[in-house]
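Down below is the structure, laid out as structure tokens.
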Amino acid sequence: MTAGFSGVLQLTDLDDFITPSQECIKPVVVEKIKSVTGSKIKIQDDGSYVAVTEGGQAQKLQRVDISLNDCLACSGCITSAESVLITQQSQEEMLKVFQANKELKEAGKDSESKLIVISVAVQPVLSLAAHYQLEPQDAFSRLSGYFKSVGADLVLDMTLSEDLSLLECENEFIERFRSKCEGSKLHLPMFTSSCPGWVCYAEKTHGSFILPYISTTKSPQQIQGTLVKQFLSSIQGRHPGHIYHVSVEPCYDKKLEASRSDFYSQEEDAKDVDCVITSVELEQMFKSQGKHLSDFPAADIDFPWTEGLSCSEQIPYKGTLVGHRGTGSGGYADHVMASAAQELFEESGAELKFKVLRNPDMREAILEKGDKVVLRFAIANGFRNIQNLMQKLKRGKCAYDFVEIMACPSGCLNGGAQIRPEEGTQQKELTTTLAKLYNELPIHSPRSNPLVQEIYTKWLSGAGSDKSNAKLHTSYHAVEKMNTALNIKW
């Protein structure tokens, strides 16, 4: 596992200097074993440790595993990526599941096998397309072909979950804005929550102060998990525990998000997302096989959502890679501002442009009515801008109504697990290329998607209902900071 979590998650405090943390405080139960004085510890070729006595007897020592759940429950840091032993969020584990499933099917035990579903975000597709010099749609089809060649049953895009996330975020903001105008204690500004690096940092560093400002809308990854494990499982007639759901994402932090206890159902004994694989891990898998993405035959992108619904023939993007208006991180600020301008101030034709402030990763847009600014939105990417924003908020000087926040500079297109540039190419050049590819995709509007309305009506009992809130929203948890001798600053 290579280091690739967002820079924010490697911080133990607000210092600018990033070092591996000394605060990993997971209590470890170690079984005491009888040892002989003079024993020596040796490292074997496979990386295991053995205690060797003077008489030459060797005893293998137990390795301590620190899981992602341990990290999320920790009151200290997220450890550096190398020291987190990820047991269920790796390509090796995913391929083991694929192989076991294949053996069950070959043995005629289909009832015991799992339905393997792959959900692919748009950013990894663009990263792979740029790296292998393919058209994005072709890259997506060949990626589908690869996954199906190793045992996947369904390969899905995430447009539906992105639409639901944008619309829920929009509804949440409008409710907060109206309530605030009426004197309610609902907090503004509202910060987006689709970036797990930012959310984890907020929970651990700013705790209960910042959490009321963060949108409770689930990220597209987790909404997709809910759709797959609950809606799709009912269509397929399967128990959620018999579906193995893999999400392909642009950053390692999504592994942390998928591991949160909030996204695990004890009743069904199933996670919404079982495994997260990233762009760079896919590249490593292809390289280990001596393969190029173009070596795999193209396969269809599956679209199982319309089974039994009346809108099956009206979906314009079936199997087609699409983008949303705004940034390559999902377009939250652009979508919510345009919708709020229409809904709150009847400004449907307002010219909404985000202008660059001190650096390209900090942008803002305002809506004026007469001589008064009625809406002020911002996009803040990267830790420096996030830190400045938090300081302004604590001083009561944050004038924004809504902020789209991403931990990575340049947002999700430059995610920590996107494929790195070839030698001779700068990271900034590659990010510019990915942004260009994203902007060339067909623009999709969530409100033009008839499937969304049917999902709300027939499965979620209407937008804003208790059922839709339970399935499309989540909660956050302040992590109390423990002061230990290791983190005292003298």
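Since this is a predicted model, take the numbers as computed values, not measurements.
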Quick one: side chains of residues 107-117, donor-acceptor pairs under 3.5 Å with protein atoms, not counting sequence neighbours, listed by atom name and distance.
from: Ser113; atom 1: OG; to: Asp110; atom 2: O; distance (Å): 2.7

Hey, are the side chains of [X] and [Y] touching, using non-hydrogen atoms and a 4.5 Å cut-off?
X      : Y      : value
Ser161 : Leu227 : yes
Ile214 : His206 : no
Ser468 : Leu164 : no

Keeping [X] on the side-chain end and [Y] on the backbone end, is there a donor-acceptor pair under 3.5 Å?
X      : Y      : answer
Ser127 : Ile419 : yes
Glu268 : Gly241 : no
Ser144 : Phe140 : no
Ser219 : Ser193 : no
Glu203 : Tyr476 : no
Arg363 : Asp361 : no
Ser215 : Thr217 : yes
Asn414 : Pro409 : yes
Ser233 : Gln230 : yes
Glu404 : Tyr332 : yes

| field | Lys148, Arg238, Lys105 screened by salt bridge (Lys or Arg N to Asp or Glu O under 4.0 Å) with Asp153, the one that passes | value |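 The single option meeting the salt bridge (Lys or Arg N to Asp or Glu O under 4.0 Å) with Asp153 is Lys105.
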| field | Asp334 side chain to His324 side chain, donor-acceptor N/O pair below 3.5 angstrom | value |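 Asp334 vs His324: no donor-acceptor pair found between side chains.
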Quiz: residues 285-292 side-chain donor-acceptor pairs under 3.5 angstrom, not counting sequence neighbours:
from: Ser288; atom 1: OG; to: Gln284; atom 2: O; distance (Å): 3.4
from: Ser288; atom 1: OG; to: Met285; atom 2: O; distance (Å): 2.7
from: His292; atom 1: ND1; to: Ser294; atom 2: N; distance (Å): 3.0
from: His292; atom 1: ND1; to: Ser294; atom 2: OG; distance (Å): 2.7

